[in-house]
2 protein chains.
Amino acid sequence: MSLRYALLGHLAYEAASGYELTKRFEQEFGHYAWYARHTQIYPELNRLAAEGLIEVVAEGARGSRTYAITAEGRDQLRHWLTNPPQEQHARNEGVLRLFLLSSLEKEDALELLRAKAEECEREAKQLRAISEEIDRHAEPGGKLPFGRIASEFGWRSYEATREWALWAIKRIEET
Amino acid sequence: MSLRYALLGHLAYEAASGYELTKRFEQEFGHYAWYARHTQIYPELNRLAAEGLIEVVAEGARGSRTYAITAEGRDQLRHWLTNPPQEQHARNEGVLRLFLLSSLEKEDALELLRAKAEECEREAKQLRAISEEIDRHAEPGGKLPFGRIASEFGWRSYEATREWALWAIKRIEET
DNA sequence: GCGTTCATGTAAAACGTTACATGATTTG
DNA sequence: CAAATCATGTAACGTTTTACATGAACGC
């Protein structure tokens, strides 16, 4: 069910083709929020169009179709966003791996944690650079670019994970 | 495929029954790392046992079976943990909702962000209290309790999300 | 002894991945 | 004109959810 709202959300920000949406799902958006492949995206776009939540607003080269959200789609998206469920759960392989580290031998765990801390540092720096780049190019007073809120969340998440990994290294070394 | 390693990881830390594992998946573990229901857990435990990766070490009241990981299971878990994939993606409805906020009207978005920031503050405090509680009860020099690494990750994640929400509120208010 | 919690299971439906498929347009 | 990329799709398979099901033990 979430996939359709992920798609509606993208299209609420701006019209796009299935191909363009697919690429976005492969970037920060799919990295933190919701990942999907083109094989799931195209059929869902067709269903959304059949239900009148989105519509084709342009056709381009190679059979590409640009979709835009309809008023009905915007209503449903708004309803979903403003009615969050009480409980929620995750399925994140990266975090799962971190949680299971304590089942490894001390040295194996420390090695993986050190590698993770370094990876997080690299990623945080990169996303911070992307954030600043977006800010430089944004016209002042214009709408907050879609990727901007994601990149900010991304670097803060990586930074928090890095600090957690450093804490875990210390705790494990103490034992 | 991840579910089996989540189960092996739990059992590598300590033996448990399907029922106990189910409860853990409903707590922090399922909240951040990997969520599963009993309807998925019990059949997978039976498969793991049939493959010799875990084994029944005790039978209790009401037909409960306590499983422990075998040497073969430990090998496979270690192999999985020490060979992480290059790319990884998430499917997290909570984060998805945050990412799509920018598609709402300014006031709706601000209201949700404020609610989120408060929720994160509450949760962070609670998990921090749980972390300290675990530390108080742990014997010094003993192994790092399984939930300890999770609760630390949890409160740091909530805190980072809270700070991000506060940043987003400021950015949206500026426009 | 009655309601709750413990403890496990199955089957159908929904969702997501992998493998396969096709052809148009652009770039060098 | 060949290779890369753009752009969409289908079908089989695997994973996860929902709905249904059963009975034992515990607390009052």
Side-chain angles (χ1 to χ4, degrees), chain A residues 1-8 10-11 15-27 29-31 33-51 54-67 80 85-93 96, chain B residues 1-8 10-11 15-27 29-31 33-51 54-67 80 85-93 96:
Chain A
M1 224 56 235
S2 294
L3 173 62
R4 68 169 32 208
Y5 297 107
L7 290 168
L8 286 174
H10 272 284
L11 296 177
S17 66
Y19 189 80
E20 288 165 336
L21 291 166
T22 300
K23 278 188 298 182
R24 299 229 201 114
F25 275 73
E26 280 162 4
Q27 294 161 11
F29 187 85
H31 212 77
W34 206 269
Y35 176 77
R37 301 175 186 244
H38 82 276
T39 53
Q40 213 185 345
I41 292 168
Y42 288 117
E44 187 65 33
L45 286 172
N46 286 329
R47 274 191 290 273
L48 287 167
E51 292 172 35
I54 63 175
E55 62 187 350
V56 176
V57 289
E59 308 206 2
R62 283 165 283 197
S64 92
R65 294 187 294 279
T66 300
Y67 291 97
W80 182 78
Q86 57 295 58
E87 276 285 343
Q88 56 188 344
H89 26 259
R91 215 166 263 127
N92 186 322
E93 192 181 313
L96 171 62
Chain B
M1 227 51 235
S2 294
L3 173 62
R4 66 170 34 210
Y5 297 107
L7 291 169
L8 287 175
H10 273 283
L11 297 177
S17 67
Y19 189 79
E20 288 166 336
L21 290 165
T22 299
K23 279 189 298 183
R24 298 229 201 112
F25 275 74
E26 279 163 4
Q27 294 162 10
F29 188 84
H31 212 78
W34 206 266
Y35 176 77
R37 298 170 189 249
H38 81 276
T39 53
Q40 211 185 348
I41 291 167
Y42 288 117
E44 186 67 32
L45 286 172
N46 286 329
R47 273 191 291 273
L48 287 167
E51 292 173 35
I54 63 176
E55 62 188 349
V56 176
V57 289
E59 306 207 4
R62 283 165 284 196
S64 92
R65 292 188 294 281
T66 300
Y67 291 97
W80 182 77
Q86 58 294 55
E87 275 285 342
Q88 57 188 344
H89 30 259
R91 214 167 263 126
N92 186 322
E93 192 182 314
L96 171 62

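Every heavy atom of this structure was used, including side-chain atoms; hydrogens, water molecules and symmetry mates were not. Naming convention: chains lettered A, B, ... in sequence-line order (proteins, then strands); numbering from 1 in each chain.
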TODO: For the pair B:His10 and B:Phe29, name the ring-plane relationship: parallel under 30°, tilted 30 to 60°, perpendicular over 60°.
DONE: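 Rings of B:His10 and B:Phe29: perpendicular, as their planes differ by over 60°.
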Task: Side-chain N,O (B:Tyr42) to OP1/OP2 (C:dG9) below 4.0 Å - done: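 For C:dG9, neither OP1 nor OP2 has a side-chain N or O of B:Tyr42 closer than 4.0 Å.
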Open item on the list: OP1 or OP2 of D:dG9 versus the side-chain N and O atoms of A:Arg65: is any pair under 4.0 Å?
Closed with: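 Result: yes.
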TODO: Can you check whether any acceptor in the base of D:dT16 is under 3.5 Å from a donor in the side chain of B:Thr39, or vice versa?
DONE: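 Looking at the base of D:dT16, it does not pair with any donor or acceptor on the side chain of B:Thr39 (distance under 3.5 Å).
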What is the distance from [atom1] of [X] to [atom2] of [N], rounded to the nearest Å?
X	N	atom1	atom2	answer
A:Leu21	D:dG9	CG	P	13 Å
A:Leu45	C:dG16	CG	P	14 Å
A:Arg37	D:dG14	CZ	C1'	13 Å
A:Tyr35	C:dG16	OH	P	12 Å
B:Arg47	D:dT16	CZ	C1'	11 Å
B:His89	C:dG16	NE2	P	12 Å
B:Leu3	D:dT16	CG	C1'	10 Å
A:Leu7	C:dC15	CG	P	13 Å

Where the side chain of [X] is concerned, which of [options] is the nearest nucleotide?
X	options	value
A:Pro43	C:dA7, D:dT10, D:dT16	D:dT10
A:Gln40	D:dT5, C:dT8, C:dG16	C:dG16
B:Arg91	C:dT17, D:dT8, C:dG9	C:dT17
A:Arg62	D:dA25, D:dT15, C:dG23	C:dG23
B:His38	D:dA7, C:dG16, C:dG9	C:dG9

Open item on the list: Need to verify one output field. Residue with the more 5' nearest nucleotide on DNA chain C, A:Met1 or A:Ala61?
Closed with: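 Checking each residue's closest nucleotide, the 5'-ward one belongs to A:Met1.
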Below 4.5 Å, heavy atoms only, C-beta onward: do [X] and [Y] meet side chain to side chain?
X	Y	answer
B:Glu87	A:His31	yes
A:Leu7	A:Trp34	no
B:Glu44	B:Ile54	no

- [ ] To the nearest 0.5 angstrom, please state how far the CG atom of B:Leu96 sits from the OH atom of A:Tyr5.
- [x]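 The CG atom of B:Leu96 sits 11.0 Å away from the OH atom of A:Tyr5.
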